[in-house]
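Contents: one structure, followed by commentary.
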Amino acid sequence: MPLYMDIHTVDSDDFTVEDVIKAHLRDLAVQERFGVIQRKYWVNEEDKMVFCLMEGPNKEACHKTHEESHGMTACNIIEVSDDEYNIFMARGSTQKDDLAYMADGNLDTGFRTIMQVNTSDFSGKYQHYIIETKSLIEKFHGKIVRQPNDDETMASFLLASDAIIAAMAIANLLQTVPDNFEYRLALVSGTPVDEKGIDLFEVTKKRVRTLCQIGLNNVVYLDANTKALSQKESNIPKVNHAHVKIVDTTDFSFCEQLIKILSDKCNDPYFKSEEMGRLLGMSKAQTYRKIKALTGMSPNTLIRELRLRRSLKALKNNHKTVAEIAYDLGFNSPTYFTRVFRNRYMVLPTSFARIYAS
């Protein structure tokens with residue numbers, strides 16, 4: 001049968017783990033009527049969240065089991081594959097009553113820290129660093145998520161502290177690459193199921209990609225959740241703040257708004273910082289200060305940088321000419337694109353494309 005996972009958010013001051021255990025036992029008593037098998041559940045006492053894993057014929061049967069047993073229907077339920085479950089959730093232990101625990105005996109809240117590492121190798125000589133990056137992820141208990149491109153690595157960590165320690169080790173490694181190599185690295189923590197959406201860790205994965213899209217090269221970005229979770233864990237990591245940027249909740253909302261604007265306007269050759277500020281509802285000075293603080297770049301430099309980063313992927317695909325890519329990404333001419341690309345990456349677009357030609 002398919003595997004499903006749901007989220008319950010409880011609006012009650014009397015929320016306790018004991019209440020959740022009792023509700024789960026009532027689920028077990030009625031599940032056979034609906035062809036459902038309750039497998040495991042995670043309780044987050046602080047945020048009053050419960051996540052349930054179950055097998056069933058369909059979502060409706062899973063909903064009806066909860067409704068019949070205790071009336072606490074899920075806020076959302078999604079189907080998950082065995083592979084997804086094993087990568088993100090199949091860690092820790094289940095001591096009794098199907099309740100998820102950490103190895104140290106504390107409750108497993110269901111939160112996971114997702115890492116994204118984006119790399120750009122402009123010489124084609126440094127792919128072994130990507131292999132070493134993945135080895136470091138596994139050394140610090142991360143699980144690699146399959147990605148379509150070798151230059152993008154995503155991983156899941158049970159502990160935020162392990163993720164931060166791995167990120168520091170990866171940053172130290174990649175900063176030793178001699179030249180013609182860049183990386184962007186981000187960590188974001190979140191819940192397996194959100195109140196909206198259809199995929200496991202959908203919001204968290206989207207957020208970590210956002211930070212990698214607009215983040216400064218060779219800097220590790222952490223969201224505030226990751227920092228807060230790591231400080232509650234026994235192995236509090238040492239962070240080299242010279243190479244780390246903490247993004248708080250307000251700044252994250254700004255980043256998400258910014259990346260949406262940039263994605264919508266990226267191919268418009270007339271899009272400049274003035275229009276960006278207007279769309280953000282900010283003055284020119286406010287726009288400059290905010291974007292500079294978050295990305296280390298001016299607004300116009302960020303626009304050009306995003307276009308160039310997208311050109312890397314397009315050139316690797318080898319489906320379009322340099323001219324087509326230039327116009328698609330809002331450059332006024334192929335000549336201008338080539339000049340900007342060479343000044344930025346010290347290699348011609350055509351040479352970069354040849355490195356990755358099959």
Side-chain angles (χ1 to χ4, degrees), residues 81 83-84 114-131 133-134 144-155 174 177 179-186 198-199 202 205-218 256 258-272 276 295 297 300-358:
S81 69
D83 284 346
E84 286 180 311
I114 309 300
M115 173 190 287
Q116 176 93 12
V117 188
N118 289 0
T119 56
S120 300
D121 180 359
F122 300 101
S123 67
K125 299 186 297 185
Y126 301 121
Q127 287 303 297
H128 60 282
Y129 281 94
I130 309 304
I131 297 171
T133 293
K134 293 179 179 179
I144 305 291
V145 181
R146 291 190 187 91
Q147 293 287 92
N149 303 308
D150 289 339
D151 57 355
E152 295 180 2
T153 301
M154 180 178 283
L174 298 183
V177 183
D179 55 13
N180 293 98
F181 188 94
E182 295 179 349
Y183 74 88
R184 299 187 300 282
L185 197 162
I198 60 173
D199 293 324
E202 183 172 323
K205 289 187 285 190
K206 180 180 178 182
R207 286 180 173 178
V208 78
R209 290 186 181 113
T210 292
L211 288 185
C212 271
Q213 281 181 282
I214 65 173
L216 191 64
N217 288 304
N218 305 340
E256 290 177 315
L258 179 61
I259 199 65
K260 183 179 186 309
I261 291 169
L262 289 169
S263 296
D264 290 343
K265 295 289 186 176
C266 184
N267 61 351
D268 180 358
Y270 303 104
F271 179 63
K272 302 294 181 186
M276 182 191 292
T295 70
M297 293 175 270
N300 281 330
T301 301
L302 177 62
I303 293 168
R304 185 174 67 244
E305 178 71 9
L306 185 68
R307 288 170 173 160
L308 287 170
R309 289 177 183 178
R310 293 188 173 191
S311 76
L312 299 177
K313 186 172 290 188
L315 288 164
K316 285 182 180 181
N317 288 337
N318 283 289
H319 297 319
K320 292 184 177 182
T321 65
V322 168
E324 289 172 328
I325 291 170
Y327 288 125
D328 284 349
L329 291 174
F331 290 97
N332 288 315
S333 73
T335 302
Y336 174 65
F337 166 63
T338 298
R339 184 169 70 251
V340 170
F341 190 99
R342 185 175 185 177
N343 288 341
R344 173 67 180 81
Y345 298 126
M346 305 302 293
V347 65
L348 289 169
T350 49
S351 301
F352 180 77
R354 279 196 295 271
I355 291 171
Y356 293 93
S358 54

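What you see is a predicted model, and the numbers here were worked out from it, not measured in a lab. Both backbone and side-chain heavy atoms feed into the values below; hydrogens, waters and symmetry mates do not. Residue indices begin at 1 and follow the sequence shown.
Considering only residues two or more places apart in sequence or on other chains, Lys272 meets the side-chain contact (heavy atoms from CB on, under 4.5 Å) condition with Glu274, Asn300. With sequence neighbours excluded, the residues satisfying ring-ring contact (aromatic ring centres under 6.0 Å, His included) with Phe122 are Tyr345, Phe352. For the side-chain contact (heavy atoms from CB on, under 4.5 Å) test, residues two or more places apart in sequence or in another chain that qualify with Thr350 are Val322, Leu348, Arg354. Applying the ring-ring contact (aromatic ring centres under 6.0 Å, His included) criterion to Phe181, with sequence neighbours excluded, gives no partner residue.
Here the CD atom belonging to Gln213 is positioned 4.0 Å from the CD1 atom belonging to Ile259, to the nearest 0.5 angstrom. A distance of 9.0 Å separates CG in Leu306 from CE in Met297, rounded to the nearest 0.5 Å. Distance check, rounded to the nearest 0.5 Å: NE2 of His128 to OG1 of Thr133 gives 10.0 Å.
Of all heavy-atom pairs between Asp121 and Gly124, the closest is OD1-N, 3.0 Å. Closest approach of Leu312 and Ser120 over heavy atoms only: CD1-OG, 3.5 Å. In terms of heavy atoms, Leu262 sits closest to Leu302 at CD1-CD2, 3.9 Å. In terms of heavy-atom proximity, Ile130 sits nearest to Thr153 at CG2-OG1, 4.3 Å.
With Arg307 contributing its side chain and Cys266 its backbone, the two residues share a donor-acceptor pair below 3.5 Å. For the pair Asn218 (side chain) and Tyr183 (backbone), a donor-acceptor distance under 3.5 Å is present. A side-chain donor-acceptor contact under 3.5 Å links Arg184 to the backbone of Cys212.
The shortest distance between side-chain heavy atoms of Thr338 and Phe331 does not fall below 4.5 Å. Residues Leu211 and Gln116 form no side-chain contact, since every pair of their non-hydrogen atoms from C-beta on lies 4.5 Å or further apart. Contact check for Tyr129 versus Thr119: no side-chain heavy atoms found under the 4.5 Å cut-off. Within the 4.5 Å cutoff, side-chain heavy atoms of Asp83 are placed close to those of Arg146. Looking only at side-chain heavy atoms (C-beta outward), Ile325 and Arg310 stay at 4.5 Å or farther from each other. Side chains of Met346 and Asp179 form no contact here, defined as non-hydrogen atoms less than 4.5 Å apart. At a threshold of 4.5 Å between non-hydrogen side-chain atoms, the residues Glu305 and Asn217 count as touching.
Classification of Asp151 and Lys316 as a salt-bridged pair holds, one side-chain N sitting under 4.0 Å from a carboxylate O. For Lys260 and Asp264, the salt-bridge test passes: some basic side-chain N is under 4.0 Å from an acidic carboxylate O.
In the displayed structure, Ile355 atom CD1 is contacted under 6.0 Å by more than 12 heavy atoms of other residues, nucleotides or ligands. At most 12 heavy atoms of other shown residues, nucleotides or ligands fall within 6.0 angstrom of atom CZ in Arg342.
Counting only residues at least two apart or on different chains, the side chain to side chain donor-acceptor pair (under 3.5 Å) pairs with a member in residues 325-336 are Lys320-Asp328. The salt bridge (charged side-chain N to carboxylate O under 4.0 Å, His left out) contacts involving residues 207-216 comprise Arg207-Glu256, where partners must be two or more places apart or lie in separate chains.
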